[in-house]
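Below, read A as the first sequence line, B as the second, and so on, with proteins coming before strands; counting in each chain starts at 1.
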Amino acid sequence: MPDRNSYYVTTPIYYVNDVPHVGHAYTTLACDVMARFMRLDGRDVHFLTGTDEHGQKIETAAAAAGLAPQAFTDKVSQSFRDLVAKMNYSPDNFIRTTEPRHYAACQALWQKLVDAGDIYLGKYAGWYSVRDETYFVEGETEVGPDKKRRATSTGAEVTWVEEPSYFFKLSAWADRLLEFYEKNPRFIAPESRRNEVISFVKGGLQDLSVSRTSFSWGIPVPGDEKHIMYVWLDALTNYITECGYPDTSNPLWKYWPADLHMVGKDIIRFHCVFWPAFLMAASVAPPKRVFAHGWWTNEGQKISKSLGNVIDPVELVDTYGLDPVRYFLLREVPFGNDGDFSRRALIGRLNADLANAYGNLCQRSLSIIAKSCGEKVPEKGALTDADTALLDRARGLLGVVRGEIDDQAFHKALTAIWEVIADANRYVDAQAPWALAKTDVPRRDTVMWVLAETIRRATLLVQPFMPDSAAKILDQLAVPAEDRAFAAFDKELAPGTALPKPQGVFPRFVEAKPAA
RNA sequence: GGCUGGGUAGCUCAGCUGGUUAGAGCACGGCACUCAUAAUGCCGGGGUCGGCGGUUCAAGUCCGCCCCCAGCUACCA
């Protein structure tokens with residue numbers, strides 16, 4: 001089964017103790033672009049997102065809200081499903097860890113790990129705060145002047161507590177993990193994260209506590225139901241629950257191993273160390289790639305709830321429009337790096353890249369065609385060197401963008417498309433079709449055909465990033481739905497095809513002036 | 001402290017294995033054009049490439065030392 005056609009991409013499942021913010025929107029957006037691109041490129045795509053609904057924090061938050069845990073998670077999980085619609089994401093399914101099939105998958109995986117001899121009963125020990133009902137590691141605590149140890153973050157007194165816990169023999173997997181990283185250089189991206197993970201594993205691994213007895217909202221350990229599975233074992237398993245695990249005859253099993261787990265840089269260890277170890281121990285193939293993206297700051301400031309500067313994606317979309325926000329998030333920052341969000345930068349991108357460069361290119365081209373070429377695709381005559389140069393660049397774009405998308409280099413993919421857009425704007429000025437209208441109409445028509453064709457190719461590639469806007473432009477070029485996949489990339493516009501009236505797709509954003 | 005990555009025009013960044021006058025986008029100034037969303041195109045100003053020393057015919061690009069920034073250095077997710 002060498003070159004399979006399936007493509008499985010996942011977001012992390014989002015922890016439902018919080019409302020969605022721009023970080024969630026960003027991660028899912030990146031996956032959405034991958035999924036849409038691969039579908040257009042003819043792949044059999046499965047795109048999964050969902051919510052992580054277990055754990056002590058949820059149990060506590062639900063109690064505080066006066067709700068049963070399930071009722072609480074039903075409610076908060078919904079806000080993540082609402083975001084899917086708001087951001088025009090295209091997941092094939094939305095998984096929840098409270099689904100019965102997920103319990104079955106987790107318990108099956110657990111049993112497999114037990115059978116393999118990788119799980120044993122031991123004792124978990126740590127600094128426990130009764131008030132917070134939470135364990136803290138040594139570094140999260142400090143001893144005060146009264147010689148009592150307290151949690152640094154909450155100030156609550158902590159005591160050394162030991163409870164029985166099952167452990168996963170992670171320590172036994174360091175060498176095999178290092179070998180796996182070595183043999184699969186693309187497993188962790190970007191490169192800097194790969195270095196971090198490798199150096200972490202090289203430093204030696206301790207066994208991992210994978211069950212708790214201090215709370216009950218979670219998946220019971222098979223055969224010892226006082227124990228609840230450690231949240232990460234529970235959460236990570238969602239990726240294979242979706243494919244039917246442990247039933248490998250499930251039709252969705254063909255998607256495993258996942259082609260890409262998209263994660264934020266904070267949870268890379270779980271995905272790049274624990275997860276492959278769990279899977280290898282259970283004789284399941286590890287995923288092919290984990291990409292850890294960076295964080296956003298807000299106008300140069302670190303984002304935090306206490307600062308109150310959390311960015312609400314819904315507000316952004318309502319203010320600037322969906323596609324401009326999608327474009328900005330993936331264009332502004334080299335994917336993988338941290339980036340700064342600022343209104344000025346967003347408006348700059350919207351006006352310079354979308355309204356002025358791309359939108360205006362479409363508008364100036366299409367309105368000439370509408371006014372002077374009889375509202376149909378113009379006749380294509382003999383091509384000059386200038387025509388061929390532009391068309392060749394547009395033709396080469398698919399290969400270039402495909403390469404960048406394979407690396408999740410969204411900003412580079414967009415830059416490449418926008419270089420062709422800039423070339424097209426230069427071409428319009430150089431050819432001056434408005435002057436040709438007075439001297440050589442057939443030549444003018446050829447120029448307009450070259451422009452329309454260039455816009456078509458660029459726009460096909462814009463689709464994964466800005467689906468609605470791209471669709472509007474392709475509508476204006478009368479490209480039928482079945483010719484919008486990349487299989488039709490070389491199917492050029494047919495002269496004579498009737499075209500609808502052009503309409504601007506990316507209006508400039510003008511800031512509301514304060515009332516004078 | 002250790003490890004990793006980075007410090008290049010006002011801002012954001014490109015600059016493979018060292019080689020003509022160090023590039024792009026945005027911002028700024030001037031000019032041109034008028035098809036277009038006061039959009040587009042052309043030209044221009046502006047950088048001792050973090051600092052010091054070294055290797056070399058030649059270093060932003062290699063070596064050494066130093067300064068500054070970020071991330072990682074395990075079980076809240």
(request) Would you please classify the geometry between the Phe465(A) ring and the Phe410(A) ring as parallel, tilted or perpendicular, with 30° and 60° separating the classes? (result) perpendicular
(message) Just the rounded figure in Å: distance from P of A39(B) to CG of Asn351(A).
(response) 8 Å
(message) By nearest atom, which of the nucleotides G41(B), G71(B), C35(B) is closest to the Glu196(A) side chain?
(response) G71(B)
(message) Applying a 4.0 Å non-hydrogen cut-off, can you work out what Tyr15(A) is touching in the nucleic acid: base, sugar-phosphate, or nothing?
(response) sugar-phosphate
Could you list, one pair per line, each protein nitrogen or oxygen that sits under 3.5 Å from a nitrogen or oxygen of nucleotides 27-33 of chain B, together with the distance?
none

(request) Please measure how far the C1' atom in G60(B) lies from the corresponding atom in G23(B), and state the result in whole Å. (result) 12 Å
(request) Write down the distance between CD1 (Ile198(A)) and P (C3(B)), rounded to a whole number of angstrom. (result) 17 Å
(message) In whole Å, I'd like the distance from the NZ atom of Lys265(A) to the C1' atom of U73(B).
(response) 15 Å
(message) Closer than 4.0 angstrom, basic N to acidic O: yes or no for Asp429(A) and Arg364(A)?
(response) yes
Close N/O contacts between protein and nucleotides 6-14 of chain B (under 3.5 Å):
none

Listing time: all N or O pairs from protein to nucleotides 60-62 of chain B that are below 3.5 Å?
none

(message) Please report whether the ring centroid of Phe328(A) lies less than 6.0 Å from that of Phe341(A).
(response) yes
(message) Could you tell me how far apart Asp440(A) (CG) and C35(B) (C1') are, to the nearest whole angstrom?
(response) 17 Å
(request) Would you jot down, in residue-number order, the residues of residues 354-379 of chain A having a non-hydrogen atom under 4.0 Å from RNA chain B? (result) Ala355(A), Asn356(A), Gly359(A), Asn360(A), Gln363(A), Arg364(A), Ser367(A), Ile368(A), Lys371(A)
(request) Give every residue pair that meets the salt bridge (Lys or Arg N to Asp or Glu O under 4.0 Å) criterion with at least one member in residues 155-172 of chain A, sequence neighbours excluded. (result) Lys123(A)-Glu162(A)
(request) Using the six-membered ring wherever Trp is involved, compare the ring planes of Phe187(A) and Phe180(A) and label them parallel, tilted or perpendicular (cut-offs 30° and 60°). (result) perpendicular
(request) Quick one: sort the Phe506(A) and Tyr358(A) rings into parallel, tilted or perpendicular, breaks at 30° and 60°. (result) tilted
(request) Mind calculating the distance between CH2 (Trp295(A)) and P (A77(B)) to the nearest angstrom? (result) 15 Å
(request) Could you tell me whether Glu299(A) atom CD has more than 12 heavy atoms of other residues or ligands within 6.0 Å of it? (result) yes
(message) Could you check whether any side-chain N or O of Ser165(A) sits under 3.5 Å from a backbone N or O of Ser211(A), counting only pairs where one atom can act as donor and the other as acceptor?
(response) yes
(message) Tell me if the centroids of the rings in Phe335(A) and Tyr26(A) come within less than 6.0 Å of each other.
(response) yes
(message) Any carboxylate oxygen within less than 4.0 angstrom of a Lys/Arg side-chain nitrogen, looking at Arg176(A) and Glu179(A)?
(response) no
(request) Would you mind telling me which of U37(B), A74(B), C75(B) lies closest to the side-chain atoms of Ser209(A)? (result) C75(B)
(request) State whether Glu196(A) and Arg269(A) are salt-bridged, where the test is any N-O pair (Lys NZ or Arg NE/NH1/NH2 against Asp/Glu carboxylate O) under 4.0 Å. (result) no
(message) Taking the basic N atoms (NZ, or NE/NH1/NH2) and the acidic carboxylate oxygens, is any pair closer than 4.0 Å for Asp224(A) and Lys226(A)?
(response) yes
(message) Nearest heavy atom decides the nucleotide; on that basis, is Asp353(A) or Ala235(A) closer to the 5' end of RNA chain B?
(response) Asp353(A)
(message) Between Arg426(A) and Asp423(A), does any NZ, NE, NH1 or NH2 come within less than 4.0 Å of an OD or OE carboxylate oxygen?
(response) yes
(message) Counting C-beta onward and ignoring hydrogens, is there a side-chain heavy-atom pair between Arg96(A) and Asp74(A) closer than 4.5 Å?
(response) yes
(message) Under 4.0 Å, counting only non-hydrogen atoms across every strand here, what does Tyr230(A) touch: a base, just sugar-phosphate, or nothing?
(response) sugar-phosphate
(request) Would you confirm whether Asp52(A), through its side chain, and Ile13(A), through its main-chain N or O, come within 3.5 Å as a donor-acceptor pair? (result) no
(request) Output the single nucleotide from A74(B), G5(B), G41(B) whose closest atom is nearest the side chain of Leu170(A). (result) A74(B)
(message) In whole Å, I'd like the distance from the NE2 atom of His271(A) to the P atom of A77(B).
(response) 13 Å
(message) Any base atoms under 4.0 Å from Gly204(A), or only sugar-phosphate, or nothing? Heavy atoms, all strands.
(response) base
(request) Nearest whole angstrom, please: distance from the P of U37(B) to the CD1 of Ile473(A). (result) 15 Å
(request) Without swapping roles, check the side chain of Thr97(A) against the backbone of Glu53(A) for a donor-acceptor pair under 3.5 Å. (result) yes
(message) Without decimals, in angstroms, what is the distance between Phe200(A) CZ and G71(B) P?
(response) 18 Å
(message) Closer than 4.0 angstrom, basic N to acidic O: yes or no for Asp407(A) and Arg186(A)?
(response) yes
(request) Under 3.5 Å for both distances, Watson-Crick or G-U wobble, that's the pair rule; now give the dot-bracket for RNA chain B, with | marking pairs to another strand and [ ] for crossing ones. (result) (((((((..((((.....[...)))).(((((.......))))).....(((((..]....))))))))))))....
(message) The side chain of Gln206(A) is closest to which nucleotide in this list: A39(B), C72(B), C75(B)?
(response) C75(B)
